[in-house]
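Structure, as structure tokens:
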Amino acid sequence: MEHYSDVYHTKRMQRVFSVAFTTDTRYVLSGSDDGNVRLWRAQASERSHVRSAKERTKLEYDAALKERYKHMPEIKRISRHRHVPQPIKKAGEIKKEELASIKRRDENRRRHSKKKDSRRIPQREAMIVAKE
């Protein structure tokens, strides 16, 4: 089974509420907040047209090369790369910075408090508001 990790986006797209693959797994359907159903290719770079024998052979050869040299750093980097829209990328950077700030604050609090209060609280316990 192949793993798909493409980022699908349009400028007018709202929050996505539902996603489904077609039965042949070549397309992804998405239903969003703006009331639209969109059809996406499961592999964004793959074109959906009738291929000649020469083109099919070339694609199979390219896939074999990628499989053969997948352990090499340059090939790994190219295969992992995904284009992410700037607002999503920026939101991820902000979230990362916020989490680092919270971690730094907790570490400072732990470092400058008395011994009995200085235990590290696991993230699961930190989320608990009240116990019965």
Side-chain angles (χ1 to χ4, degrees):
M1 183 178 167
E2 292 184 43
H3 177 71
Y4 301 111
S5 59
D6 288 324
V7 177
Y8 300 98
H9 61 91
T10 63
K11 286 186 177 183
R12 284 184 246 127
M13 197 163 165
Q14 304 289 318
R15 289 177 293 216
V16 175
F17 286 129
S18 61
V19 176
F21 274 95
T22 56
T23 53
D24 63 356
T25 67
R26 291 181 61 200
Y27 298 97
V28 178
L29 295 160
S30 68
S32 58
D33 199 11
D34 57 1
N36 288 321
V37 176
R38 291 183 171 85
L39 182 69
W40 311 86
R41 285 188 295 267
Q43 288 185 321
S45 61
E46 182 182 292
R47 297 294 167 243
S48 52
H49 64 278
V50 179
R51 292 180 180 86
S52 65
K54 185 177 179 181
E55 189 176 2
R56 273 196 312 266
T57 307
K58 184 194 179 315
L59 289 172
E60 288 169 5
Y61 178 72
D62 290 349
L65 281 178
K66 288 175 194 172
E67 182 64 29
R68 183 175 184 179
Y69 295 107
K70 68 181 178 186
H71 63 280
M72 297 183 76
E74 298 88 10
I75 305 300
K76 276 185 187 178
R77 184 183 60 80
I78 292 168
S79 66
R80 272 196 325 255
H81 176 75
R82 294 292 178 265
H83 172 74
V84 180
Q86 191 172 0
I88 294 173
K89 187 174 182 180
K90 188 68 176 171
E93 290 171 358
I94 291 169
K95 178 84 171 170
K96 186 177 178 182
E97 191 176 322
E98 288 173 352
L99 290 175
S101 175
I102 290 169
K103 188 175 181 180
R104 188 173 52 251
R105 184 185 66 213
D106 289 345
E107 191 61 34
N108 286 341
R109 184 178 294 140
R110 191 182 68 75
R111 194 179 298 132
H112 297 292
S113 62
K114 295 181 181 177
K115 279 276 190 196
K116 65 178 183 174
D117 298 331
S118 66
R119 86 173 183 93
R120 214 175 252 138
I121 300 171
Q123 191 173 4
R124 280 188 162 185
E125 284 183 29
M127 296 295 184
I128 298 173
V129 177
K131 290 184 180 179
E132 291 182 2

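Under the side-chain contact (heavy atoms from CB on, under 4.5 Å) criterion, Ile94 pairs with Lys90, Glu98, sequence neighbours left out. For Lys103, there are no side-chain contact (heavy atoms from CB on, under 4.5 Å) partners, not counting sequence neighbours.
Using a 4.5 Å cut-off between side-chain heavy atoms of Ile, Leu, Val, Met, Phe, Trp and Tyr, Phe17 forms no hydrophobic cluster with any other residue.
Distance OG1/Thr22 to CZ/Arg41: 13.0 Å, rounded to 0.5 Å. To the nearest 0.5 angstrom, Asp106 atom CG is 11.0 Å from Arg104 atom CZ.
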Atom pairs and distances, donor-acceptor, side-chain atoms in residues 63-75, under 3.5 Å, two or more places apart:
| unit_1 | atom_1 | unit_2 | atom_2 | d |
| --- | --- | --- | --- | --- |
| Glu67 | OE2 | Lys70 | NZ | 2.8 |

Using atom types as modelled, flag every donor-acceptor pair under 3.5 Å from a side chain in residues 27-36 to any protein atom, sequence neighbours excluded.
| unit_1 | atom_1 | unit_2 | atom_2 | d |
| --- | --- | --- | --- | --- |
| Ser30 | OG | Trp40 | NE1 | 2.9 |
| Ser32 | OG | Asp34 | OD1 | 2.4 |
| Ser32 | OG | Arg38 | NH1 | 3.1 |
| Asp33 | OD2 | Arg15 | NH2 | 3.0 |
| Asp34 | OD1 | Asn36 | N | 3.4 |
| Asp34 | OD2 | Asn36 | ND2 | 3.4 |
| Asp34 | OD2 | Arg38 | NH2 | 3.3 |

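Atom CD of Glu93 has more than 12 heavy atoms from other residues, nucleotides or ligands within 6.0 Å.
Between Lys76 and Ser79, the shortest heavy-atom contact is O-OG, 3.0 Å.
Looking only at atom types and distance, the side chain of Asn108 has no donor-acceptor partner in the side chain of Arg105 under 3.5 Å away.
The list of side chain to side chain donor-acceptor pair (under 3.5 Å) pairs with a residue in residues 51-64, not counting sequence neighbours, reads His49-Glu55, Lys58-Asp62.
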